[in-house]
Amino acid sequence: MKISVITVGKIKEKYLRDAIAEYSKRLSRYCRLEIIEVADERTPDQASEAVEENIRTKEGERLLKYVRDDMYVITLEIGGKMLTSEQFAEKIETLGVQGKSSIAFVIGGSIGLGREVLKRSDYALSFSKMTFPHQLMRVVLLEQVYRGYRIINGEPYHK
């Protein structure tokens with residue numbers, strides 16, 4: 001299976017880049033992983049809703065350039081469905097059994113995802129009702145994908 005993480009913004013902190021590199025290496029045993037970063041827009045302080053919507057639209061257009069028709073798209077959203085690690089693993093495994101060979105996880109910028117991206121989403125996933133920095137979410141997502149593959153393969157993992 002091919003896993004794509006399509007995300008807004010670059011990782012600036014070395015410790016996050018190191019964690020992403022580690023999970024990317026670990027995941028290479030289980031899937032083909034690609035991480036695509038698109039440019040983020042600067043959000044002015046006290047931006048109006050119209051300005052924020054315009055930013056989400058621009059970032060969304062950049063994200064959608066990398067979403068192919070054959071991809072199963074999972075967007076990371078605060079309002080998405082929360083799963084246990086076992087349920088998440090089952091979701092990945094079921095998609096593979098159904099013949100989905102490419103999953104795209106889409107992570108928005110600091111103000112979220114645009115309407116067009118949300119429309120293209122096949123599944124909305126939430127890791128928490130809390131808000132996390134989008135750079136950190138990339139690490140959390142990769143760790144959970146790795147954990148999911150460990151579960152799928154009946155390999156030990158920390159509960």
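Along the sequence shown, the residues carry numbers beginning at 1. Note that these values count all heavy atoms, side chains included, but never hydrogens, waters or copies made by symmetry.
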* **Trace of the side-chain contact (heavy atoms from CB on, under 4.5 Å) decision for V145 with L27** => CA-CA 8 Å; V145 171; L27 277 165; 3.7 Å; yes
* To do: With sequence neighbours left out, write down each residue that passes salt bridge (Lys or Arg N to Asp or Glu O under 4.0 Å) with R68, or none if nothing qualifies.
  =>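 Once residues adjacent in sequence are excluded, the partners of R68 under the salt bridge (Lys or Arg N to Asp or Glu O under 4.0 Å) criterion are D70.
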* To do: Only counting residues at least two apart or in another chain, list the ones meeting salt bridge (Lys or Arg N to Asp or Glu O under 4.0 Å) with R32.
  =>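 Applying salt bridge (Lys or Arg N to Asp or Glu O under 4.0 Å) to R32 gives none.
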Are the side chains of [Y] and [X] in contact, using a 4.5 Å heavy-atom criterion?
X: Q98; Y: L95; result: yes
X: I20; Y: R138; result: yes
X: K2; Y: I103; result: no
X: K81; Y: S126; result: no
X: R29; Y: E155; result: yes
X: M82; Y: K129; result: yes

Closer than 3.5 angstrom, by distance alone: can the side chain of [X] be matched with the main-chain N or O of [Y] as a donor-acceptor pair?
X: S28; Y: K25; answer: yes
X: E59; Y: E41; answer: yes
X: R150; Y: P156; answer: yes
X: Q87; Y: T84; answer: yes

* To do: List the steps, then state whether side-chain contact (heavy atoms from CB on, under 4.5 Å) holds for M1 with S102.
  => CA-CA 6 Å; M1 177 164 303; S102 186; over 6 Å; no
* Where at least one partner belongs to residues 107-125, residue pairs that pass side-chain hydrogen bond (donor to acceptor under 3.5 Å, both in side chains), sequence neighbours excluded ->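 Qualifying pairs: T75-S121, E116-K119, R120-D122.
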* Asked: At what distance, to the nearest 0.5 angstrom, does CG of L16 lie from CE of M137?
  ->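 Result: 12.0 Å between the selected atoms.
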* **Gap between atom CG of L136 and atom CG of L141 - 0.5 Å precision** =>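 So the gap between those two atoms works out to 11.0 Å.
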Answer with yes or no whether the hydrophobic clustering places [X] together with [Y]; edges join I, L, V, M, F, W, Y residues whose side-chain heavy atoms lie under 4.5 Å apart.
X: V139; Y: I3; answer: yes
X: I92; Y: I107; answer: yes
X: L83; Y: M130; answer: yes

* **Which residues share a ring pair (Phe, Tyr, Trp, His ring centres under 6.0 Å) with Y72, sequence neighbours left out** =>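 Y72: no ring pair (Phe, Tyr, Trp, His ring centres under 6.0 Å) contacts found.
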* Taking it one step at a time, do E143 and R26 satisfy salt bridge (Lys or Arg N to Asp or Glu O under 4.0 Å)? -> CA-CA 9 Å; E143 189 280 332; R26 290 181 187 190; over 6 Å; no
* Check whether more than 12 heavy atoms from other residues, nucleotides or ligands sit under 6.0 Å from atom NZ of K100, and answer yes or no. =>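 Counting other residues, nucleotides and ligands, NZ of K100 stays at 12 neighbours or fewer.
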* Would the number of heavy atoms belonging to other residues, nucleotides or ligands and lying under 6.0 Å from NZ of K12 be above 12? ->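 Yes, because the 6.0 Å sphere around NZ of K12 holds more than 12 heavy atoms from other groups.
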* **ILVMFWY cluster membership beyond Y66 - transitive side-chain contacts under 4.5 angstrom** =>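 Answer for Y66: I6, V8, I36, V38, L63, L64, V67, M71, V73, V106, L113, V117, L118.
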* To do: Can you label the angle between the Y30 ring and the Y149 ring as parallel, tilted or perpendicular, going by 30° and 60°?
  =>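 The rings of Y30 and Y149 lie parallel, inter-plane angle below 30°.
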Write down the atom of [X], the atom of [Y], and the distance for their closest heavy-atom approach.
X: R62; Y: D40; answer: NH1-C, 4.1 Å
X: I152; Y: A89; answer: CD1-O, 3.4 Å
X: V140; Y: F127; answer: CG1-CD2, 4.0 Å

* side-chain contact (heavy atoms from CB on, under 4.5 Å), paired with F105, selected from T7, I35, I74 ->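 Only one option passes, and that is I74.
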Indicate every side-chain donor-acceptor pair of residues 43-55 with a distance under 3.5 Å to a residue at least two apart or in another chain.
from	atom 1	to	atom 2	distance (Å)
S48	OG	V51	N	3.1
E49	OE2	R56	NH2	2.5
E53	OE1	R56	NH2	3.1

* Hey, does the Lys NZ or Arg CZ of R147 hover above the aromatic six-ring of Y157, less than 6.0 Å from the centre and inside 45° of the axis? ->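 No - R147 does not lie over the ring of Y157 by the 6.0 Å and 45° rule.
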